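The structure appears right after this line, and notes come after that.
The structure displayed is predicted, hence computed values, not measured ones. As a basis for the values below, the full set of heavy atoms in this structure was taken, side chains included, without hydrogen atoms, waters or symmetry mates. In what follows, every chain begins at residue 1, and chains take the letters A, B, ... in the order their sequences are listed.
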Amino acid sequence: MRIGYPCINRTIGCKANRTFRLKSYSEERLVTTVQDNLDCLKAMLRFNAANSILFLRIASDLIPFASHPINRVDWEKCFSTEFCQIGDLVRNFGMRISMHPDQFVVINSPDTDVFNRSVAELVYHARVLDAMGLDMTAKIQLHVGGVYRDRKQSMERFTQRFFSLPEVVRRRLAIENDDRLYTFRDCLTISSETGVPVVLDVFHHQVNGSGDTVKEVLEMVGSTWGDEHGPPMVDYSLQKPGGRRGSHAASLDVQVFARFLGETRPYDFDIMLEIKDKEESALRAVRLAREDERFFEGRSKG
DNA sequence: CAGTGTCAAGGTGGA
DNA sequence: TCCACCTTGACACTG
């Protein structure tokens, strides 16, 4: 089991997701921003390695305006050295990487313009992971999309569209249950037709699920992850106590997390902690896991 | 320099 | 048909 956090580290004093306004666009601004982001990403990976945090989500803003027509910079070529170095770090430390495109990437939209823009954005994500030379265990996780007043048809459209995606995207895609529209069962249905592995979001499942226990769900979801995909990915977060529905808790409740780990034995998976204080909570989770080695022993894929 | 309106991109649901 | 809301963070303008 690898433990991780998404996109931002508040300890190391730099950000790998810096961007700027479209109005301020210039090639120079882009190049310096990307350079800073990649430098910071290396710093994050070193910090993580030193702290046994072996799972990281890379922000989609790593290359600002990557799929926007305004961007004519050949960033792959320009930063090939940096990408290789980052890939080496990931491999040498036995780490895992994921990415999660923003909400406007919608494969099953009836609007073909939306679809085409989504493809461009997905290709960008795939090119980043390819440039780092990462294997297919590095995933791009995506929600199923909209319902458009016809769930069945919209799910079928997802599947159709999936098969028209470029191979570089298809092989890295994973789908995740969301908090309102598509449950993990919907994802399993799509998975059975596309072969796409299913990322389980534990919080979304609590809010928008069927009442199956986490362990039952993990067993079903785990079987969608073949050897080439690596261990299942799980997103973990908690409702902010007293906060609006869907808002994430400020920091990890270690007691609750320990119970979760206990409940999910013997399944092995990599877990992304979507908690406000980011690496803080990841550090506490790692500490907890160290104190109780049982959480790592005897786990297997679903 | 602190406060805050707005940001490339979508979808849903209520008025 | 229009608009607020979803969630999150940060840019960049305002005073």
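Minimum heavy-atom separation, A:Val128 to A:Ile63: CG2-CG1, 4.5 Å.
Comparing B:dT6 with C:dC5, their C1' atoms are spaced 16 Å from each other, to the whole Å. Comparing C:dT8 with B:dA2, their P atoms are spaced 25 Å from each other, to the whole Å. Comparing B:dG11 with C:dA10, their C1' atoms are spaced 24 Å from each other, to the whole Å. Spacing between C:dT7 and B:dA8 at atom P, rounded to whole Å, works out to 22 Å. Look at the C1' atom in both B:dG5 and C:dA4: the space between them is 16 Å, to the nearest Å.
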Let me see the working for A:Glu82 and A:Lys42 under salt bridge (Lys or Arg N to Asp or Glu O under 4.0 Å), right down to the final yes or no. CA-CA 9 Å; A:Glu82 283 82 352; A:Lys42 287 184 229 171; 5.2 Å; no
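Ring planes of A:Phe79 and A:Phe83: perpendicular class, angle over 60° (limits at 30 and 60°).
Taking the side chain of A:Ser67 as heavy atoms from C-beta on, and the options B:dA9, B:dG11, C:dT8, the nearest nucleotide is B:dA9.
The stretch residues 12-35 of chain A comes close to DNA chain B through A:Arg21, A:Leu22, each having a heavy atom under 4.0 Å from the strand.
By the 6.0 Å and 45° rule, A:Arg46 does not stack over the aromatic ring of A:Phe93.
The CG-P distance, from A:Leu238 to C:dT7, rounds to 15 Å in whole Å. If you measure from atom CG of A:Asn37 to atom P of C:dA10, you get 12 Å, rounded to the nearest angstrom. Computed from coordinates, the A:Glu274 CD to C:dG9 P distance equals 11 Å when rounded to whole Å. Look at CD1 on A:Ile70: it is 10 Å from P on B:dA8, rounded to the nearest Å. Rounded to a whole Å, the CZ atom of A:Arg180 is 15 Å from the P atom of B:dG10. Distance NE2 (A:His68) to C1' (B:dA9): 8 Å, rounded to an integer number of Å. Between the C1' atom of C:dT8 and the CG atom of A:Asp61 lies a distance of 11 Å, rounded to the nearest Å. Between A:Gln103 atom CD and C:dT8 atom C1' there is a gap of 10 Å when expressed in whole angstrom units.
Among the protein residues, A:Val147 comes within range of the sugar-phosphate backbone only, with heavy atoms under 4.0 Å from sugar or phosphate atoms but none that close to a base. Across all strands shown, A:Ser109 has heavy atoms under 4.0 Å from sugar-phosphate atoms exclusively, and none from any base. Base engagement by A:Phe65 is indicated by at least one non-hydrogen atom pair under 4.0 Å involving a base atom.
C:dA12: Watson-Crick or G-U partner is B:dT4, with both key distances under 3.5 Å. Under the Watson-Crick or G-U wobble criterion, with both distances below 3.5 Å, C:dT7 has no partner in any strand shown.
Taking the six-membered ring where the residue is Trp, the centroids of A:Tyr124 and A:Trp75 are separated by under 6.0 Å.
In this structure, A:Asn177 CG and A:Arg185 CZ are separated by 12.0 Å, a value rounded to the nearest 0.5 Å. Atom CG of residue A:Leu273 and atom CG of residue A:Leu238 lie 9.5 Å apart, to the nearest 0.5 angstrom.
By the stacking rule of 5.5 Å between ring centres and under 30° between planes, A:Phe104 does not stack on the base of B:dG10.
Within the 4.0 Å cut-off from OP1 or OP2 of B:dG11, not a single side-chain nitrogen or oxygen of A:Arg149 is found.
Looking at A:Glu274 and A:Arg57, a side-chain N of the basic residue comes within less than 4.0 Å of a carboxylate O on the acidic one, giving a salt bridge.
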